[in-house]
There are 2 protein chains.
Amino acid sequence: MLDTDRLNATFAALADPTRRAILARLALGETSVQKLAEPFAISLPAISRHLKVLEHAGLISRGRDAQMRPCKIDTAGLIGVDHWLEEYRKLWGQSMDKLESYLEVMKAQQGAAPPKKSRSVKRQGASHGRKD
Amino acid sequence: MLDTDRLNATFAALADPTRRAILARLALGETSVQKLAEPFAISLPAISRHLKVLEHAGLISRGRDAQMRPCKIDTAGLIGVDHWLEEYRKLWGQSMDKLESYLEVMKAQQGAAPPKKSRSVKRQGASHGRKD
DNA sequence: CGGTTATTTAACTATTTGGCTAAATACGAT
DNA sequence: ATCGTATTTAGCCAAATAGTTAAATAACCG
């Protein structure tokens, strides 16, 4: 798959709020299709198709556990976006400052805790309260 | 406009390779619609509509110069994407090394001292092959 | 004013997308 | 084998999208 097609697919996948919400849920950890479907008012087949789109976009991958197909985030798609964005970050000046302060923090902590940027990483917390 | 709608629009806009190419061109500087259209095999009205989509997505803005409507990048949309991505960056560990080496390069390039605040990042050709 | 250039709007068509329901498939348990 | 649960495929429809050409608008030029 060409880089260009992959980006087409990834951005297109991210353009749908239901799919972004699914991704937000998956950021908390692997789950079954049913569990993923719960918060939404749409049919299971609809969810199934959203998942196919996300998978095709390199945003999730799927395993097999009995009759379930647990989904988890695949970072490939996100990294693709991040990399694409890299070209443009120089356009809004803050990059250096941000990187600088981030690095400062890291050095101060010397490999102790993982990124302490903006939000905290709640492993268990249910509310990822995104309106997303 | 809700955050969610804005993201829908931005991601949808970025899902089209023509629009990404337009953005890549605009990263080099402001231009007229005609100039923007040149590299493409599609009609001017088609370009015009792409521009409308990009504008609506907060990715470009337009001025007026005689009968031309020069377009330039609006960082708002890109920053929106970057911010959305922030939630997910923790999922792929590489951040430290990458930031580290990036900063290293920057320091090497603009004379000894670490760029304290807001040093504008020089354009240094290099890296990222653009297939877009 | 009338002409030329730059860009947009209108009207139409083909394709894609997202949703639905009903039916099919895949496993595990009985 | 048959049943029950989990998920996908099929077929249908409505709305959105990307392209087209032709016509409209906007601003400058003589």
For A/Asn8 and C/dT16, give me the distance from atom CG to atom P, rounded to whole Å. 13 Å
Sugar-phosphate only, base, or nothing, as touched by B/Leu44 at under 4.0 Å among non-hydrogen atoms: base
Outermost contacting nts on DNA chain D, any atom under 4.0 Å from chain A heavy atoms, listed 5' then 3', are D/dG4 to D/dT9
Nearest whole Å is fine: how far is C/dT17 P from A/His50 NE2? 12 Å
What is the separation between atom CD on B/Gln34 and atom P on C/dA6, rounded to the nearest whole Å? 4 Å
Report the distance from atom CD1 of A/Ile42 to atom P of C/dG18, rounded to the nearest whole Å. 10 Å
Are A/Arg62 and A/Asp74 close enough for a salt bridge, meaning some N to O gap below 4.0 Å? no
Whole angstrom value for the distance that separates C1' of C/dA6 from CD of B/Glu38: 13 Å
Could you tell me whether the phosphate oxygens of C/dA26, OP1 or OP2, come under 4.0 Å of any side-chain nitrogen or oxygen in A/Gln67? no
Taking only residues two or more places apart in sequence, or in another chain, which ones meet B/Gln67 in a side-chain contact (heavy atoms from CB on, under 4.5 Å)? none
Side-chain H-bond candidate by donor/acceptor type, B/Ser32 with B/Arg69, under 3.5 Å: no
Taking for each residue the nucleotide of DNA chain C bearing the nearest heavy atom, is the 5' side occupied by A/Asp16 or by B/Leu51? B/Leu51
Using a cut-off of less than 4.0 Å, is there contact between a side-chain N or O of A/Arg19 and OP1 or OP2 of C/dG18? yes
What about the rings of A/Trp84 and A/Tyr88, do their centers lie closer together than 6.0 Å? yes
Is the shortest side-chain N to carboxylate O distance from B/Lys52 to B/Glu55 below 4.0 Å? no
How many Å lie between CE on A/Met68 and C1' on C/dA29, as a whole number? 14 Å
Would you kindly give the CZ-to-P distance between A/Arg62 and C/dA26, to the nearest whole Å? 15 Å
So that I can tick it off, tell me whether A/Glu38 and A/Lys35 are bridged by a salt bridge, with the cut-off set at under 4.0 angstrom between side-chain N and carboxylate O. no
Below 4.5 Å, heavy atoms only, C-beta onward: do A/Arg19 and A/Leu14 meet side chain to side chain? no
If you compare every side-chain N and O of B/Lys52 against the phosphate oxygens of C/dT9 (OP1, OP2), does one of them come in below 4.0 Å? yes
What is the distance from CZ of B/Arg64 to P of C/dT7, rounded to the nearest Å? 9 Å
